[in-house]
Amino acid sequence: MAERMLKFASVTPQTPPKRGADERRGDFHEIYADFIEAKAAEQASRCSQCGVPFCQTHCPLHNNIPDWLKMTAEGRLEEAYALSSATSTLPEVCGRICPQDRLCEGGCVTEQAGFGAITIGAVERFINDHAWERGWVQPIRPARERAQSVGVVGAGPAGLSAADALRSAGYQVSVYDRYDRPGGLLMYGIPSFKLEKQVVARRTERLAEGGVVFKQGFELGRDASLSDLRARHDAVLLATGVYKAREIACPGIGSPGVVKALDYLIASNRTGLGDRVPEFQSGALNAAGKDVVVIGGGDTAMDCVRTAVRQGARSVTCLYRRDRANMPGSMREVANAEEEGVRFEWLAAPRSILGDSAGVTGVRALRMRLGAPDSTGRQAPEEVEGADFDLPAGLVIKALGFDPEDVATLWGAPDLKVSRWGSLRVDLTTMMTSLPGVFAAGDIVRGASLVVWAIRDGLDAAAAIGRWLEGRAALSKMAAE
Ligand SMILES: Cc1cc2nc3c(=O)[nH]c(=O)nc-3n(C[C@H](O)[C@H](O)[C@H](O)COP(=O)(O)OP(=O)(O)OC[C@H]3O[C@@H](n4cnc5c(N)ncnc54)[C@H](O)[C@@H]3O)c2cc1C
Ligand code: SF4
């Protein structure tokens, strides 16, 4: 093994080549090229094959990383693919958009030892893209069909993962979603320069070919109540994500030209998919030629600033009330945004939105400093008196995060228990909500999180649903005997 592996000291860590900022500012294509096979093998060979692999511990899916790295280094790509896809339903997606620096690569021993992490995400992406190119990713063919059916509400990563696992176990699976295409935030939230839409579409097409029935344009609460769905299926999984945008209170925040991040990103993604989007065409959700200010410091804010650059904004500024070190967004995305020409105003927050009834003209910002730690241990930002400054703006985008909607009311299900944050309460050992046979997974349970956690939850929920349905089937059989 030593010959092929353990090259962390002699081989420099590398990600696949990144396109230059000038080029990528002009389009919405992904910014990283693919590894060529030899480069993937070389980078995989840096793995130190730890006895206790911390990369695996830090991956929410506990992907068997050291083994598929070794197989890649040895050119055994079909086996590497089989192993990688055994624990993940969307490995090529995670390889692209997981914040690896905070997950697998952050736990990598070679990173801790100062040699730089193995570029795990890039190798995962390579293995699985290669598998798609070679035709190794096949539709699901369950070993046996089961009569019981499961209704999954929400075609985001949590719902898709659960659908994949349940259909593989032979259940009849229908996925309901209010949008016209499946994928949830993978399709309509995350911009295509991070995740091209064909990567998502080929996955959902594979699920449909394997017998998963997609019912798009169906909104729970509008087209059926939760009790209607419970009557239609033996079990129901709620995986509807979180969509209520957090608000900020300051004078002028309701002015024309102040928009919500997700409205802006959905309009951009739909336009990229070839849909007609009147708000984009009218300029209401289009940054072209404008000075743009994005308020917020998470990954959604980074997606907005980088989208605005690509739409041809005159200037793009990100206002964040804490400093760079305390930013919730991935440092990799901040660096990409800076390369693409985004200006960051750290320790700054909006005092008021400037403008008139015709629209926004600017943002008056106040300067902050970090004060004493609050109850969570995080330093609370506080205002610096007399240090206000103005930024020109023709478009202001609010990207302050998301909370759950009032789902129990929306779905006509007053007995559905929610937490004090509005997320669905589940028993964590059974993933079941307060309603028998109704399970939940993903952001609607955890609050706004990550794709990889939605996949984890979807798989856990599918396993729990399978156990519950088997129990029910056994009881019916006993009753019939
Ligand atoms: C802009 C943005 C960028 C992000 N970037 C990243 C990233 O780079 N990396 C990362 O790991 N995570 C990222 N995330 C987070 C990640 O996208 C989410 O954590 C993940 O998508 C949650 O998956 P989910 O399946 O729970 O919900 P979603 O992906 O939100 O899917 C929920 C689905 O349910 C549907 N739905 C909702 N209500 C109803 C209803 N009443 N009836 C029918 N259907 C309904 C919705 O239409 C949607 O399709 C990002 C999030 C945003 C907003
Ligand atoms: S799923 Fe995410 S955390 Fe796990 S190995 Fe892949 S990139 Fe790393």
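Counting starts at 1 for both ligands and their atoms, following the listed order. Note that these values count all heavy atoms, side chains included, but never hydrogens, waters or copies made by symmetry.
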Nearest-0.5 Å distance that lies between atom CG in Leu319 and atom CD in Glu345:
6.5 Å
Pair Asp299 + Lys194, salt bridge at N-O below 4.0 Å
no
Under the side-chain hydrogen bond (donor to acceptor under 3.5 Å, both in side chains) test, residues paired with Ser268 that sit two or more places apart
none
Around ligand 1, what residues show up once you keep those with a heavy atom under 4.0 Å from it?
Ile97, Val153, Gly154, Ala155, Gly156, Pro157, Ala158, Asp177, Arg178, Tyr179, Gly184, Leu185, Gly189, Ile190, Lys194, Phe218, Glu219, Leu220, Ala239, Thr240, Gly241, Tyr243, Leu265, Thr300, Asp303, Phe402, Trp411, Gly442, Asp443, Ser449, Leu450, Val451, Ala454
Does the side chain of Asp180 reach to within under 4.5 Å of the side chain of Arg270, using non-hydrogen atoms?
yes
Verify whether one side chain among Ser225 and Asp228 offers a donor that lies under 3.5 Å from an acceptor in the other.
yes
Could you tell me whether Arg446 and Asp457 make a salt bridge, using a distance below 4.0 angstrom between a side-chain N and a carboxylate O?
yes
If you define the side chain from C-beta out and look only at heavy atoms, does anything of Leu459 sit under 4.5 Å from Leu61?
yes
Compare all side-chain heavy atoms of Arg203 with those of Leu186 and state whether any distance is below 4.5 angstrom.
no
Restricting to under 2.8 Å, identify the protein N, O or S atoms around atom 6 (Fe) of ligand 2 as residue plus atom.
Glu124 OE1
Selection residues 186-244 - residue pairs positive for ring-ring contact (aromatic ring centres under 6.0 Å, His included), sequence neighbours left out:
Tyr176-Phe218, Tyr176-His233, Tyr179-Tyr188
